[in-house]
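Before any comments, here is the structure.
Reckoned from all heavy atoms, side chains included, excluding hydrogens, waters and symmetry mates.
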Amino acid sequence: MTRTTARRTALVALAAAALAAPVATASQAAPSAAPTASVGWSVSAHLPTGSPGWRGQDLVLTSPGGTSKTVIGRVGRSERVVDVSGDGTRVLTVVYGDGSTRVTAHNTKAGTRSSFVVPRMEMVRYLDGAGSKVVLVRGWEAKDRVVEVRSTTGALARTLHSPSRGTLDAPRIISTPDGASVVLNRAGRLRLVDASSGATIRTLSGRTGYSGCAPTHWWDTRSVTATCAVTSGSLKGTQQVLRVPLAGTSSRITTTRGGMGMGWMDAWSHPKGTVAMSVNGCGPATALRLTAGQPEIALGVPSDHAQVQTVVGDGLSFLATGGSCGEPGTVRLARHNLATGTNTTVVGGGTVSSVAVVDLFQ
C-alpha cells in the first residue's frame, strides 16, 4: 500500500466514524416569547420571499388559523420538518443524503439542538408526545429493517425490532402518546409492541387479501388507521384504508378504486363524513368526503397543486404550490375548515418546504 493510499484509507475511516457518531450539541437562539402549542398548531420550515442565497429557513410556530406566528428557530435550506412535540417546543428535522440521513432534534425552549446521522433510514418520529426520545426505522428491505429507540442526541436506548423477530413489512410506526407502546407491521401482521422491550403485546386484526399494511395515524384513542395493498378481489391492485382497533375486528374505511382508480392513501374521521385522501397521478392530493350528501372539499387550487398533510379536528392542512405535478413554484401552508368550507393561508409570502401538525392523540 502506498503512503497516499494509506492516508486516503485513514481519512475514509475517520469520515465514516464521524458520520456514525452523534454530532456535538450546538446552541441556537431561543424564541423570546413563543406561545405554548396545542392541538392543530403547526411548525413549518419557511423561506421568506426575497431571501438572500445564504439565508436558511425559519421554523415557524403557527396557530391553526394563522393568527399567531412565532419564529422559533432557523434551519438549513435542505432541512425538512418531520415531527413536533405536543407543546410545540421540540421539533424534529431531517436532511436526506446519499444513503444516510442527518436527524436534528431542536429544543426551541432551551435554545439547543443535537444532530446525528443514520444510514439507510426509512423514517423517524418522536416516540412520545413530549418529544423526549425518537423512534426510527433503518434498512431498505423488509428482511433487513431495524427499529430503534434513541435519545434526542442519537444514543441508542434499545432495539424494538431486528431481523431475528421477522420481517418489518412496512417502514411505518406510530406510537401511543405516552410512548409506552408502538404499532408496527411485524411478520406480515400489525402488532401492538411494548416500547421498552420490543415484545408483542397483541396481534391486531387483519383482513384477507390485504397485505403490507402500514399504520399511518390514530383514528381515535383505541384504533389506528392503516393503508394496505389489496392482492385479491375486485379492488386488487389498489391501496385501501382500514380501521384497526387495538381490540376487536378491523373494518374497511375505503371501498372503491378512488378518483384515479389506484385507491386511497389515508383517511380521517369527521362529524360531516369521513375524509379520505385519494391517490392521483402526482401523489396524495385529492381529499374527498366518503359520506353521501356532504359538500365537496374545495381547496381553492387544482388537485395537482395541493399536497394534503393531515386532518386535525375541523382543519385539513395542505401545502398549495404555484406549479403543478412537482413543477417549481412558491408553496404556502393553508388550512381548509371542514365545518365551514373556507380556506385560509396559514403561512405564505415565500415557500414552505415542510410542516408537522400537533395531532389530537399526541
Item checked: Val244 side chain reached by Trp219 side chain, heavy atoms, under 4.5 Å -> no

Next item on the list: Might you work through the side chain to side chain contact (heavy atoms under 4.5 Å, CB included) test for Gln240 and Arg252, ending with a clear yes or no?
Entry: CA-CA 8 Å; Gln240 300 293 328; Arg252 295 190 298 173; over 6 Å; no

Checklist line | Between Ser44 and Ser42: side-chain donor-acceptor atoms closer than 3.5 Å | finding: no

Next item on the list: Flag the pair Val124 / Val82 as yes when at least one side-chain heavy-atom distance between them is below 4.5 Å, and no otherwise.
Entry: yes

Checklist line | Validation row: His305, Leu299 side chains within 4.5 angstrom (heavy atoms) | finding: no

Check: Are side-chain heavy atoms of Val147 and Arg145 found at a separation under 4.5 Å?
Finding: no

Check: Ignoring hydrogens and geometry, is there a side-chain-to-backbone donor-acceptor pair from Ser114 to Thr153 under 3.5 Å?
Finding: no

Next item on the list: Could you tell me whether Arg150 and Glu148 make a salt bridge, using a distance below 4.0 angstrom between a side-chain N and a carboxylate O?
Entry: yes

Check: Okay, side chain of Lys69, backbone of Val346: is any donor-acceptor separation there less than 3.5 Å?
Finding: yes

Next item on the list: Examine distances only and state if a side-chain atom of Arg158 and a backbone atom of Ala195 form a donor-acceptor pair shorter than 3.5 Å.
Entry: yes

Next item on the list: Determine whether Ser250 and Tyr210 make a side-chain contact, defined as any pair of heavy atoms from C-beta on separated by less than 4.5 Å.
Entry: no

Check: Counting distance only, does the side-chain N/O of Tyr96 pair as donor-acceptor with the main-chain N or O of Ser78 below 3.5 Å?
Finding: no

Check: Can any side-chain N or O of Ser100 pair as donor or acceptor with the backbone N or O of Gly97 at less than 3.5 Å?
Finding: no

Notebook entry, point to check: Are any non-hydrogen side-chain atoms of Thr62 and Leu333 less than 4.5 angstrom apart?
Noted result: no

Note to self: Checking the side chain of Gln57 only, and the main-chain atoms of Glu79 only, is there a donor and an acceptor separated by less than 3.5 Å?
What the structure shows: yes

Item checked: Donor-acceptor pair, side chain of His161 and main chain of Gly198, under 3.5 angstrom -> no

Checklist line | Hydrophobic cluster membership, Val182 vs Ile174, 4.5 Å side-chain cutoff | finding: no

Check: Transitively linked via ILVMFWY side-chain contacts under 4.5 Å: Ile253 with Trp218?
Finding: no

Note to self: Has Thr104 got a side-chain atom pairing as donor or acceptor with Thr93's backbone, closer than 3.5 angstrom?
What the structure shows: no

Margin query: Tell me whether Val230 shares a hydrophobic cluster with Val241, the cluster being built from Ile, Leu, Val, Met, Phe, Trp, Tyr side chains joined at under 4.5 Å.
Written below: no

Checklist line | Side chain His217, main chain Ala267, donor-acceptor under 3.5 Å | finding: yes

Next item on the list: Keeping to residues at least two apart or across chains, list the side-chain hydrogen bond (donor to acceptor under 3.5 Å, both in side chains) pairs with something in residues 308-317.
Entry: His270-Asp314

Note to self: Is there a side-chain contact between Arg172 and Thr216 in this structure, where contact means two heavy atoms from C-beta onward sitting under 4.5 Å apart?
What the structure shows: yes

Next item on the list: Would you check if the side chain of Thr108 reaches a backbone N or O of Thr89 as a donor-acceptor pair within less than 3.5 Å?
Entry: yes

Margin query: Would Val135 and Arg125 count as a side chain to side chain contact (heavy atoms under 4.5 Å, CB included) here? Give the steps.
Written below: CA-CA 6 Å; Val135 59; Arg125 57 164 296 151; 3.8 Å; yes

Notebook entry, point to check: side chain to side chain contact (heavy atoms under 4.5 Å, CB included) between Leu290 and Trp264: does it pass, once the steps are laid out?
Noted result: CA-CA 11 Å; Leu290 299 185; Trp264 305 86; 3.8 Å; yes

Next item on the list: Ignoring hydrogens and angles, state whether a donor on the side chain of Thr203 or Arg189 is under 3.5 Å from an acceptor on the partner side chain.
Entry: no

Next item on the list: Just do the side chain to side chain contact (heavy atoms under 4.5 Å, CB included) check on Trp268 and Leu316 with the steps written out, would you?
Entry: CA-CA 10 Å; Trp268 296 266; Leu316 183 154; over 6 Å; no

Check: Is the closest side-chain heavy-atom distance between Leu288 and Ile297 below 4.5 Å?
Finding: no

